[in-house]
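Just so it is clear: chains get the letters A, B, ... in the order the sequence lines come, proteins before strands, and each one is counted from 1. The figures that follow rest on heavy atoms only: side chains count, while hydrogens, waters and symmetry mates do not.
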Number of protein chains: 2
Amino acid sequence: MAKKAAQVPFIQSLDRGLTILQAVAMSKHPVNLGELAELLDVDRSSAFRLAQTLRRRGFLSTPAGRKDYILGSAIWTLSRQYDWSKMLVRVAHQELKDLAGGLNETAHLAVREGKNALFIDSVHARRVIAVAGQTGELVPLHATAHGKALLADFDDEELKDTFGSSLQKFTKTTITSFPALLKECQSIRQRGYATDEAEYMEGMRCIAAPIRLHDGSIVGSIGISAPATRFLKEHYAAHSKRVVQCAKKIGERLSITEETSDEEE
Amino acid sequence: MAKKAAQVPFIQSLDRGLTILQAVAMSKHPVNLGELAELLDVDRSSAFRLAQTLRRRGFLSTPAGRKDYILGSAIWTLSRQYDWSKMLVRVAHQELKDLAGGLNETAHLAVREGKNALFIDSVHARRVIAVAGQTGELVPLHATAHGKALLADFDDEELKDTFGSSLQKFTKTTITSFPALLKECQSIRQRGYATDEAEYMEGMRCIAAPIRLHDGSIVGSIGISAPATRFLKEHYAAHSKRVVQCAKKIGERLSITEETSDEEE
DNA sequence: TGCGATATTGCACTATACGCAATATACTTC
DNA sequence: GAAGTATATTGCGTATAGTGCAATATCGCA
């Protein structure tokens, strides 16, 4: 019943190496030997040899001349190989299904892609009127719930960097001024979810919440959408709660490091 | 004199773990135990324990139900922490300096950022007339040498995904049709470098080459720009050669896994 | 120039990671 | 559905790989 812990033994030195990697990635500053040794509670020499191995493999690097460590290009190369949206889809798909099923509406998963939100997965409930926004579709960041959820942490400067001079208008409710968008971001952070009051497509309502890693960074968004005729204002309270919950659960799953999981389909 | 090899011993199991990570990242398909064991030339059981350690730490993951391995979310989380453009800057800065010094013009380093190219580093030669495009500036992908270098591998679909409906016109030479842009990409792949014939700013010429990792993927671009009055057509041959060479060298450095380096500043 | 902190190397000991062989599980094939 | 083959997983004794200690080298600062 209790957690039967590590039946398969950890490979100690590999485990330590990975710990170093994560510590270095996390740290805002280059990390020196002492800190690593302390972190692992091993002798400086051991930490040294571990770090050297990582460095020779390109997973760590030493800023010109210095002796302390930062992440190396190997990790970059690694992460580029992989289609990360698949990762998100994998982790989030069950939640998406539950959400769509529970509310009997269409649920979407999106990531940021430049100026747009990209839908990378969706689950449709059994409804007569299907909703727009298929997987693969790009929609503007500033005019959709998903988009705004992805923007939630942006400040004035970042917004301007992203959008350049102006915000395109799609419907009469589209937000077209930077101050208004900034304020909207603020309130999304506050509430934990974003809404779309027909700001992109007439007659469409949508709620979306940012998916955050444990460090707070936003990596995607999850939400539901439906025609305004069906998705009424009085649904907001209940629906948003569920959406936010979903986002939170996904975020936690992404951040999990030690998997206890033995999930069967 | 000869390469004095690894004086600091490799931590074997860490090294093996990293090899697994890279192999899995590289592979298009999930990787199973047998392949890992063969790759490392160790017993299945050893490979198993290494892989399990990676999995428990979230660096590997097993697709629902399956037994074989794909990359896990930990790497994603890792790579998100880090400002990768800094990595590129670090690796490329010396080359940039050499390039600017050698040709006595301004050299830039850029990465793709959505619809734009973002200048992340630049070195100015000692010239009276400074050139536009400071670090931090965003310029359109389809109308600049750097931008087009970054687009070189895009196909028709990817171009349309990126730009949406239309290509903004900046000068009379700006490419504004998708077929033309696609053709331009093709010729950039062929030649290895992109040019900008005052397509964004009047009177400006620019040459840029894509920086590719060993697997061919484009991660940035490097190039030089100058007023057309100074940067003449007859310079193209010589300059482009140098720029392409630079890009190649940077790409190699980024892909390097085993560092022999002992560079002193 | 010397002192304190840090990084690096050599060496001896033992815990660790290894291969082997046994077992369990998944997947064909008849 | 049984037998067979490929794969994953566990247990265990042993050799080696990784450790800490201590010596040395390098750096930074006064």
Side-chain angles (χ1 to χ4, degrees), chain A residues 3-21 23-24 27 29-57 59-70 259-265, chain B residues 3-21 23-24 27 29-57 59-70 259-265:
Chain A
K3 48 174 74 177
K4 31 186 183 168
Q7 303 186 313
V8 178
F10 269 77
I11 301 298
Q12 190 181 64
S13 42
L14 173 54
D15 193 54
R16 286 176 172 166
L18 299 179
T19 304
I20 289 180
L21 237 36
V24 172
S27 163
H29 317 282
V31 182
N32 64 19
L33 252 194
E35 302 176 74
L36 293 179
E38 186 178 19
L39 169 75
L40 297 174
D41 191 30
V42 296
D43 192 82
R44 289 178 108 82
S45 61
S46 298
F48 176 67
R49 286 179 281 241
L50 289 166
Q52 285 303 312
T53 301
L54 288 166
R55 195 177 71 87
R56 290 221 224 112
R57 288 301 229 99
F59 284 77
L60 290 182
S61 174
T62 51
R66 321 280 294 332
K67 299 294 189 79
D68 35 23
Y69 301 94
I70 59 177
E259 287 200 44
T260 324
S261 70
D262 284 71
E263 11 183 10
E264 308 292 79
E265 184 63 356
Chain B
K3 51 174 71 177
K4 32 187 181 165
Q7 302 185 312
V8 178
F10 268 77
I11 301 297
Q12 190 181 66
S13 43
L14 173 54
D15 193 54
R16 286 176 172 165
L18 299 179
T19 305
I20 289 180
L21 236 36
V24 172
S27 163
H29 316 283
V31 182
N32 64 20
L33 253 194
E35 301 176 75
L36 293 179
E38 186 176 21
L39 170 74
L40 297 174
D41 191 31
V42 295
D43 191 82
R44 289 178 109 82
S45 61
S46 299
F48 176 67
R49 285 180 280 242
L50 289 167
Q52 286 302 314
T53 301
L54 288 166
R55 197 177 70 86
R56 291 223 223 111
R57 288 299 230 101
F59 284 78
L60 289 182
S61 173
T62 52
R66 320 280 291 338
K67 300 292 190 83
D68 34 23
Y69 301 94
I70 58 177
E259 287 200 44
T260 324
S261 69
D262 284 71
E263 9 184 9
E264 309 292 80
E265 183 65 353

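- To the nearest 0.5 Å, atom CG of residue A:Asp41 and atom CZ of residue A:Arg16 are 8.5 Å apart.
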**OP:** Between protein and nucleotides 11-22 of chain C, map the contacts as a letter string: B base, S sugar-phosphate only, - none, heavy atoms under 4.0 Å, written 5' to 3'.
**Re:** B----SSBBB--
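- Distance check, rounded to the nearest 0.5 Å: OG1 of A:Thr62 to CG of A:Asp68 gives 8.5 Å.
- When each of A:Gln52, A:Arg55, A:Glu35 is tested with A:Tyr69 by the rule side chain to side chain donor-acceptor pair (under 3.5 Å), just one qualifies, namely A:Gln52.
- Here CG of B:Leu54 is found 5.5 Å from CG of B:Leu21. Values are rounded to the nearest 0.5 Å.
- Taken to the nearest 0.5 Å, the CG atom of B:Leu40 stands 11.0 Å off from the OG atom of B:Ser13.
- Side chain of B:Asp15 to backbone of B:Leu18: no donor-acceptor contact under 3.5 angstrom is found.
- Residue B:Arg44 comes nearest to B:Gly34 through the heavy atom pair NH2-CA, 3.8 Å, listed as atom of the first residue, atom of the second, then distance.
- The minimum heavy-atom distance between A:Leu36 and A:Ala51, with the atom names listed, is CD1-CB, 4.3 Å.
- End-to-end axis angle of the helix from C:dT1-D:dA30 to C:dC30-D:dG1, from C1' rotation axes over five pairs per end: 50° (rounded to 10 degrees).
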Original post:
For B:Ser45 and B:Arg49, what are the C-alpha separation, side-chain angles and deciding distance, and is it a side-chain hydrogen bond (donor to acceptor under 3.5 Å, both in side chains)?
Top reply: CA-CA 6 Å; B:Ser45 61; B:Arg49 285 180 280 242; 3.3 Å; yes
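- We find that CG of A:Asp68 is positioned 15 Å from C1' of D:dT26, with the value rounded to whole Å.
- Rounded to a whole Å, the CD atom of B:Glu38 is 12 Å from the P atom of D:dA8.
- Distance B:Tyr69 OH to D:dT7 P: 14 Å, rounded to the nearest Å.
- Taken from CD in A:Gln12 to CD1 in B:Ile11, the straight-line distance is 10.5 Å, to the nearest 0.5 Å.
- Between A:Gln52 atom CD and D:dG18 atom P the separation is 15 Å, expressed in whole Å.
- A side-chain contact (heavy atoms from CB on, under 4.5 Å) with B:Leu60 holds for exactly one of B:Leu50, B:Thr53, B:Ile20; it is B:Ile20.
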Show each protein N/O and nucleotides 23-28 of chain C N/O combination with a separation under 3.5 Å, one pair to a line.
none

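- Rounded to whole Å, the distance from CG on A:Asn32 to P on D:dG28 is 13 Å.
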